[in-house]
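Read the structure below first, then the notes.
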Amino acid sequence: MPRSFFRNATIASACLAASGAFAQTTVTVAQPADIRSTNPGVNRDNTTDGVVLNIVEGLVGYRMDGSVGPLLAQSVDVSKDGLTYTFKLRKGVKFHNDAPMTSADVAWNWKRYMDPKTDWRCTSEYDGRNGLKVVETTTPDDSTFVMKINKPSAVFLDTLARTDCGMTAILHKSSVKADGSWDKPVGTGPFKLAEWKRGEYVTVTAFKGYTSPAGATKSDGYTGLKTPLVDTVKFIVVPDAATAAAGLKSGAIDAGQITSSDAQELKNDRNLTVQAPPEAIKNVLLIQTRDPLLKNQKLRQAIAASLDIEQIVAAASEGLGSVNNSAIHKGSAFYSPAQKKGWHYDPAQAAKLLREAGYKGEKITIQTNKRAHVPSYTVAVLAQAMMQSVGINAQLEVLEWATQLDRYNSGNYQISSFSYSSRLDPALSYEQFSGPKDKQARKVWEDPQALKLIDDSFAESDPKKRQALFDQIHALMIQQVPMVMLFNGLDAWAVRKRIGGFAVWEGKPRMWGVSVNAAGAAKGG
């Protein structure tokens, strides 16, 4: 039977939901792939996180500016030596089975996460393998959970909040079977899991017993006001971009991720709005500083000066993106005026630097791939043309993504058109590409002064002092050009105008606060 039949059947199913056959407050969200699991921080990807984080919550969560705030915790107290974290839990929080949440539940979850059998993505962040270790946890009373660590860390709470860690979700014990294997999430979030039909859809329903943190008046990242306003959300798998666009136009789909090229067309549909919120993803050109040619800093500076980054970003993002030469994303509380300083397009200066570098026309290869939804190839083609225009013998090498990733991990490239996943804390963002190459060949920047400043930023908790460190690191990066940071990633989404309050943050749809207007619900579209 043809694959189009299954696509059409999926859309037809979505139509029934939109028309009120299930509930007038059903919202249908199309995603390009199925989730990998329902186990927070285990066997996951960004699409998985986007569903699961509507169901579960952790002690703390990200705010919109990338800082961390209390969530299931009412407050977090840190000792003067930075080694003891005391979490006072919110009163009245219930799991989806209506059981009350206590510190015993938090302790059970932590023990489960630290068990290697759980295969939690972030165990190594806390067991000492990466330097930081939780040495003790205690539960002085039902509403208090205490964690002690081996050394001060500015990113301890940030890692607890990380979405790829599943927000270190606090789950009820019934989430696992009697033998300890995973069953399904019984969390505390605004929605609870109803059904997962693999390869087709995931349905979640409003948790009527949900309570937002006291005093919350608006949503703030994954914290703040998180009231579920619709009865049901159905996440359907629509891998074909053209099918998703057709479903959005017809009203079968209420919201869905779209390509940047489709965004231009769908903007003109009177029944749709298009959102393209920036994320902390970094789209970059990596430069191998140990390469015999590219170890020359003036040659790297010439490459940066040869690039009309404004033009590259406009083309690679279909006009939706904006230039950011900083490893700190624009929405961060640490995105200071100093972070706005970057490289300047100056072909004459590029030619001058090439002469000073002693460049004699040697070939420089840019590695790239043609994956959809990433700008790698467009960036590489434009960079090649711009570099050639100032006399750099730039050539493209188009690879399968798996091959390019292997080359990246082994440091086997001259220039690589690449993208890094989101890291909201600046220290973690810099750490993604910085470090000694003798220990990790995938690292890009190994300047000793920069590495010392980055290490200091992990230990320093004072925001003003951290800001000064990050500003110094950025100035060094602009000078040394270990890579050219171009712009932050974005995912374009289209939303039916019958839907109010829909928001995507860091590429993931947040379904709390989403409503269906009465006229739209009556019309079913």
Side-chain angles (χ1 to χ4, degrees), residues 58-89 106 110 122-138 144-165 167-168 213 220-224 280 326-339 422-435 449-477 506:
L59 294 173
V60 293
Y62 283 129
R63 300 186 182 103
M64 284 291 289
D65 66 1
S67 62
V68 176
L71 187 49
L72 292 179
Q74 177 179 303
S75 63
V76 184
D77 179 70
V78 185
S79 61
K80 289 185 178 179
D81 62 7
L83 299 179
T84 303
Y85 288 74
T86 301
F87 300 86
K88 285 290 184 182
L89 305 182
V106 181
W110 187 254
C122 298
T123 303
S124 62
E125 304 289 351
Y126 294 110
D127 65 3
R129 277 180 282 174
N130 292 339
L132 180 70
K133 186 173 184 178
V134 175
V135 295
E136 183 183 19
T137 63
T138 55
T144 308
F145 183 67
V146 181
M147 305 178 80
K148 293 184 179 180
I149 56 179
N150 63 331
K151 65 178 184 179
S153 170
V155 299
F156 176 71
L157 292 177
D158 184 274
T159 305
L160 287 180
R162 269 170 44 186
T163 56
D164 62 317
C165 299
M167 213 189 300
T168 319
D220 188 5
Y222 280 103
T223 66
S326 171
I328 300 176
H329 68 103
K330 288 185 175 182
S332 171
F334 290 103
Y335 190 75
S336 68
Q339 301 296 324
S422 294
R423 291 292 184 272
L424 295 182
D425 186 89
L428 293 172
S429 182
Y430 283 114
E431 187 272 338
Q432 271 186 305
F433 60 87
S434 305
Q449 183 182 357
L451 297 188
K452 172 64 166 59
L453 291 169
I454 294 169
D455 285 344
D456 290 347
S457 75
F458 273 95
E460 180 57 66
S461 296
D462 181 84
K464 290 184 178 179
K465 293 179 180 178
R466 294 192 90 207
Q467 185 70 69
L469 290 169
F470 297 140
D471 290 349
Q472 291 180 67
I473 296 166
H474 178 66
L476 275 177
M477 192 175 83
E506 287 301 312

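All values reported here derive from a predicted model rather than from experimental measurement. Starting from 1, each residue takes its place in the sequence as its number.
Pairs engaging residues 151-164 under the salt bridge (charged side-chain N to carboxylate O under 4.0 Å, His left out) rule: R121-D164, E125-R162, R162-D164 [sequence neighbours left out]. The list of salt bridge (charged side-chain N to carboxylate O under 4.0 Å, His left out) pairs with a residue in residues 466-475, not counting sequence neighbours, reads D425-R466.
Closest of all the heavy-atom pairs between L132 and S153 is CD1-CB, 4.0 Å. For S332 against P426, the heavy-atom pair with the smallest separation is OG-CG, 4.4 Å. Of all heavy-atom pairs between G131 and N150, the closest is O-ND2, 3.0 Å. Between L453 and L476, the shortest heavy-atom distance links the atoms CD1-CD1, 3.9 Å. Contact detail for A161 and M167: the closest heavy-atom pair is O-CG, 3.9 Å. Between V146 and T144, the shortest heavy-atom contact is CG2-CG2, 4.0 Å.
You'll find the side chain of P213 stays beyond 4.5 Å of the side chain of T223, heavy atoms only. A 4.5 Å side-chain heavy-atom check between T84 and V78 finds every atom pair outside the cut-off.
Interatomic distance, M477 CE to Q339 CD, rounded to the nearest 0.5 Å: 8.0 Å. In this structure, the separation between OG1 on T86 and CE on M147 is 11.0 Å, given to the nearest 0.5 Å. Atom CZ of F87 and atom CG of L59 lie 5.5 Å apart (nearest 0.5 Å). Atom CG of D455 sits about 13.5 Å away from atom CD of E460, to the nearest 0.5 Å. Taken from OH in Y85 to OG1 in T137, the straight-line distance is 15.5 Å, to the nearest 0.5 Å. Remark: I454 CD1 to L469 CG distance equals 10.0 Å, nearest 0.5 Å.
A salt bridge links D127 with R129: at least one charged nitrogen is closer than 4.0 Å to a carboxylate oxygen.
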For this session: Let me see the working for T168 and C122 under side-chain contact (heavy atoms from CB on, under 4.5 Å), right down to the final yes or no.
Result: CA-CA 9 Å; T168 319; C122 298; over 6 Å; no
Extract all donor-acceptor atom pairs below 3.5 Å that involve side chains of residues 69-77 and protein atoms in other chains or at least two apart in sequence.
none

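Not counting sequence neighbours, the partners of F470 by the ring-ring contact (aromatic ring centres under 6.0 Å, His included) test are F334. In this structure, the side chain to side chain contact (heavy atoms under 4.5 Å, CB included) partners of A327, at least two apart in sequence or on a different chain, are K282, S429, Y430, F433. Every residue two or more places apart in sequence or in another chain was checked for a ring-ring contact (aromatic ring centres under 6.0 Å, His included) with F145, and none qualifies.
Here the side chain of R63 pairs no donor or acceptor atom with the backbone of G221 at under 3.5 angstrom. Using a distance-only test at 3.5 Å, with no hydrogens or angles considered, a donor-acceptor pair links the side chain of Y126 to the main chain of L160. Side-chain atoms of D220 come within 3.5 Å of backbone N or O of M64 as a donor-acceptor pair.
Atom NZ of K330 has more than 12 heavy atoms from other residues, nucleotides or ligands within 6.0 Å.
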